[in-house]
Enquirer: 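Mind having a look at this structure? Questions to follow.
None of the values given here were measured: they were computed from a predicted structure. Excluded from the calculations below are hydrogen atoms, water molecules and symmetry mates; all remaining heavy atoms, backbone and side chain alike, are included. All residue numbers in this chain count up from 1 along the given sequence. Start at 1 and go down the list; that is how both ligands and their atoms are numbered.
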Amino acid sequence: MSKANNQMLAETARIPQHVAIIMDGNGRWAELRGKKRTAGHKAGVESVKTSVAIAAKKGVKVLTLFAFSSENWQRPESEVSVLMDLFMFVLTREVKRLHKNGIKFKVIGDLSKFSSKLQKMIVESETLTAENTGMVLAVAANYGGRWDITNAAKILAEKVAKQEIKPEEITESTLNDQTSLAGLPELDLLIRTGGDYRISNFLLWQAAYAEFYFTDVLWPDFDEEEFTKAITLFDQRERRFGQTSAQVINNN
Ligand code: IPE
Ligand code: IPE
Ligand code: MG
């Protein structure tokens with residue numbers, strides 16, 4: 001391979017293939033401005049749009065965004081209701097644009113708790129964009145990492161009960177195949193905005209070897225510059241996957 005090709009490969013290899021974001025800090029962003037928390041959620045939609053555009057531009061293959069956790073139902077009913085309305089509004093307005101840009105849209109999480117109208121809109125959006133070959137945008141809604149693993153275990157248990165598989169055929173790979181992000185590249189980079197250092201029941205299974213990036217920046221302020229900082233830092237990390245540093249250097 002020519003030096004130029006090698007260089008190109010090295011440059012593309014530095015971009016994380018799969019980025020996930022815990023989009024936190026909308027409420028505090030609004031409160032700091034003397035506004036209602038829901039104003040922060042509305043402002044956060046702009047950051048979602050920016051992040052999708054930047055991720056696609058940089059060549060990220062999968063962007064997974066945490067929009068609503070299985071624990072977020074515990075918030076005041078009025079806030080939950082605004083979040084649901086916002087989700088529907090964004091679906092109506094933005095999915096066509098995603099489709100135009102070749103983005104494949106999917107929603108992960110336990111969708112059975114959503115209104116039938118919202119469920120229908122989600123299925124329609126996924127169907128519209130199903131054949132697209134650009135970046136995959138996965139939005140996690142009523143998602144919980146523990147739910148994802150439990151759900152995969154349940155599917156496998158049903159297969160065993162129906163004698164389609166034997167218990168000894170259950171492996172990390174077959175369990176992975178039943179999780180929400182099966183078939184997509186491994187999670188490389190997990191970003192959390194809003195200043196907290198926790199995973200809040202997001203991608204527990206998938207984060208096994210992800211690099212973590214925490215920033216104090218509140219989600220509505222997360223822009224191209226901040227996203228680029230996260231990607232640059234990812235590039236500087238040495239991913240050893242259990243090996244020694246010397247082994248990693250020799251393999252490259
Ligand atoms: C994240 O922002 C959005 C959702 C969880 C839906 P928050 O609403 O959690 O904002 P803070 O953390 O209270 O500032
Ligand atoms: C995590 O944020 C969920 C989303 C960003 C959707 P939270 O604000 O719900 O997390 P906790 O409660 O502070 O852990
Ligand atoms: Mg929060």
Enquirer: Regarding K57 and E224, does a basic nitrogen lie under 4.0 Å from an acidic carboxylate oxygen?
Expert: yes
Enquirer: Is it the side chain (CB and beyond), the backbone, both or neither of A67 that lies under 4.0 Å from ligand 1, heavy atoms counted?
Expert: backbone
Enquirer: Relative to the ring of F222, is the ring of F227 parallel (under 30°), tilted (30 to 60°) or perpendicular (over 60°)?
Expert: tilted
Enquirer: Can you tell me if G194 has a non-hydrogen atom under 4.0 Å from ligand 1?
Expert: no
Enquirer: Hey, is E31 close enough to R28 for a salt bridge, meaning N to O under 4.0 Å?
Expert: no
Enquirer: Taking non-hydrogen atoms only, is F202 closer than 4.0 angstrom to ligand 2 via side chain, backbone, both or neither?
Expert: neither
Enquirer: Just to be sure I'm reading this right: ignoring hydrogens, which of E31, R28, R75, M23 gets closest to atom 8 (O) of ligand 1? Compare them by their nearest heavy atoms.
Expert: R75
Enquirer: Can you tell me if an N/O/S atom from D24 lies under 2.8 Å from the Mg ion (ligand 3)?
Expert: yes
Enquirer: Closer than 4.0 angstrom, basic N to acidic O: yes or no for K106 and E126?
Expert: no
Enquirer: Which of the listed options, T38, N26, I22, holds the heavy atom that is closest to atom 2 (O) of ligand 1?
Expert: N26
Enquirer: Would you sort out whether N176 and Q206 count as a side-chain hydrogen bond (donor to acceptor under 3.5 Å, both in side chains), showing the intermediate values?
Expert: CA-CA 9 Å; N176 186 57; Q206 297 84 350; 5.7 Å; no
Enquirer: Are any of the N/O atoms on G27, whether in the backbone or the side chain, positioned under 3.5 angstrom from an N/O atom of ligand 1?
Expert: yes
Enquirer: Name the orientation class of the two ring planes belonging to F68 and W73 (parallel below 30°, tilted from 30 to 60°, perpendicular beyond 60°).
Expert: perpendicular
Enquirer: Does the protein put any heavy atom within less than 4.0 Å of atom 12 (O) of ligand 2?
Expert: no
Enquirer: Please report whether ligand 1 has a polar contact with N72, defined as an N or O pair separated by less than 3.5 Å (distance criterion only).
Expert: no
